[in-house]
Amino acid sequence: MRAMGRRTLRTAPPAAYDRTWAGEARSAVGCAAVLLGLLLLIDTGAGTLTPWRAALWAGLAVLLLLVLWPARVSAAPGLLVARGPLRTRTVRTDRLVSVRWSDGVAQRLVLRDAEGARAELDPRILVTNPPLWRVLDEDARTSVRRGTLRCGETALRQISARVDREMVRGVFRASGLN
């Protein structure tokens with residue numbers, strides 16, 4: 001499909017999505033609201049609250065909200081979409097060329113496709129949402145069969161093991177065997 005000279009992807013409705021997103025978004029809003037409330041309370045108690053300082057504290061709370069706001073991850077066959085507060089990243093999961101862990105304080109899984117698109121997501125999203133993992137895993141296997149996935153089979157095996165462990169723990173908890 002062409003629209004105004006640019007190639008556009010037609011996306012199917014998501015087959016799976018992050019079911020924990022709403023709770024994480026509420027937590028981010030709560031943290032920002034608590035910070036704003038505490039800063040305003042302290043400033044009021046000290047008698048130094050002015051409209052400019054209130055605006056500064058509100059800006060700081062908004063900045064914290066942007067930092068804490070979780071990406072909303074959804075997947076359909078062949079496509080993974082991570083919507084953040086400022087940008088949306090779309091990766092063709094049936095054309096992956098690399099899957100790797102990023103180094104840093106927060107553990108991130110970095111997916112890169114043959115078109116050069118890149119998305120980062122918290123691997124806990126995949127662990128806590130097995131349907132999302134199944135869609136990604138099936139597409140990653142397609143990439144392996146096609147020969148496009150050059151780097152990342154180890155990372156995928158590690159996540160698969162984590163998902164399996166969590167599913168077994170969930171079964172044990174549900175049956176009262178933990």
Side-chain angles (χ1 to χ4, degrees), residues 1-28 31 63-173:
M1 178 178 171
R2 290 201 169 264
M4 295 203 278
R6 291 183 59 199
R7 189 186 80 169
T8 59
L9 280 176
R10 234 186 210 192
T11 60
Y17 59 92
D18 181 6
R19 295 171 297 171
T20 62
W21 180 85
E24 291 180 20
R26 278 191 300 273
S27 294
C31 287
L63 182 62
L64 178 65
L65 180 65
L66 288 175
V67 168
L68 295 179
W69 194 258
R72 187 172 209 156
V73 178
S74 61
L79 202 62
L80 183 128
V81 180
R83 289 179 179 86
L86 301 176
R87 60 185 164 192
T88 298
R89 302 284 189 151
T90 303
V91 175
R92 295 297 310 255
T93 51
D94 57 347
R95 297 180 189 161
L96 290 174
V97 293
S98 74
V99 177
R100 64 178 176 81
W101 297 102
S102 71
D103 295 327
V105 175
Q107 199 173 42
R108 291 293 201 212
L109 189 68
V110 181
L111 307 170
R112 190 177 302 272
D113 67 13
E115 286 83 30
R118 177 178 180 264
E120 288 186 29
L121 59 125
D122 187 341
R124 288 180 296 175
I125 292 172
L126 299 173
V127 172
T128 58
N129 296 283
L132 194 59
W133 163 246
R134 280 194 295 275
V135 172
L136 177 61
D137 184 44
E138 185 177 319
D139 288 340
R141 290 174 194 264
T142 300
S143 295
V144 169
R145 279 193 303 274
R146 289 180 178 168
T148 60
L149 186 62
R150 292 170 267 197
C151 164
E153 289 184 62
T154 303
L156 290 170
R157 278 194 299 273
Q158 290 171 340
I159 291 178
S160 180
R162 285 176 66 180
V163 169
D164 291 344
R165 264 193 316 272
E166 284 303 311
M167 288 179 66
V168 168
R169 283 185 186 136
V171 168
F172 283 155
R173 273 191 297 269

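Residues take their numbers from the sequence shown, with the count starting at 1. Computed from a predicted structure; not experimentally measured.
- When every heavy atom of Ala71 is checked against every heavy atom of Ile125, the shortest pair comes out as O-CD1, 4.5 Å.
- In this structure, CG in Leu80 is found 7.0 Å from OG in Ser74, a value given to the nearest 0.5 Å.
- When all heavy atoms of Pro123 and Arg108 are compared, the closest pair comes out as CD-CA, 4.1 Å.
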Under the side chain to side chain contact (heavy atoms under 4.5 Å, CB included) criterion, do Leu111 and Leu121 qualify, and how do the steps go? CA-CA 8 Å; Leu111 307 170; Leu121 59 125; 3.8 Å; yes
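- Here the CG-OG1 distance, from Leu149 to Thr93, works out to 11.5 Å after rounding to the nearest 0.5 Å.
- Side chain of Asn129 to backbone of Pro131: no donor-acceptor contact under 3.5 angstrom is found.
- When all heavy atoms of Asp18 and Leu132 are compared, the closest pair comes out as N-CD2, 4.3 Å.
- Counted by atom type alone, Arg157 and Ser160 present zero donor-acceptor pairs between their side chains at under 3.5 Å.
- Although no hydrogens or angles enter the test, the distance criterion places a donor-acceptor pair under 3.5 Å between the side chain of Arg92 and the main chain of Gly78.
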Kindly indicate, with the supporting measurements, whether the criterion side chain to side chain contact (heavy atoms under 4.5 Å, CB included) is fulfilled by Cys151 and Arg112. CA-CA 10 Å; Cys151 164; Arg112 190 177 302 272; over 6 Å; no
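- Residues Trp133 and Val163 share a closest heavy-atom pair of CD1-CG1, 3.7 Å.
- Remark: side-chain polar atoms of Trp21 are paired, donor with acceptor, to backbone N or O of Pro70 under 3.5 angstrom.
- Atoms CG and SG, on Leu64 and Cys31 in that order, are 6.5 Å from each other to the nearest 0.5 Å.
- Arg72 CZ to Glu24 CD: the interatomic distance, rounded to the nearest 0.5 Å, is 11.5 Å.
- The distance from atom CG of Leu96 to atom CZ of Arg146, rounded to the nearest 0.5 Å, is 10.5 Å.
- Proximity of a side-chain donor or acceptor of Thr148 to a complementary backbone N or O of Val97 within less than 3.5 Å is not detected.
- The salt bridge (charged side-chain N to carboxylate O under 4.0 Å, His left out) pairs that include a residue from residues 122-138 are Asp122-Arg124, Asp137-Arg141, where partners are two or more places apart or lie in different chains.
- Residues Val81 and Arg83 meet the side-chain proximity criterion, which asks for heavy atoms closer than 4.5 Å.
- The minimum heavy-atom distance linking Arg95 with Ser143 is given by the pair N-OG, 3.4 Å.
- Between Val135 and Ala16, the closest heavy-atom pair is CG2-CB, 4.2 Å.
- In this structure, Leu109 CG and Ile159 CD1 are separated by 4.0 Å, a value rounded to the nearest 0.5 Å.
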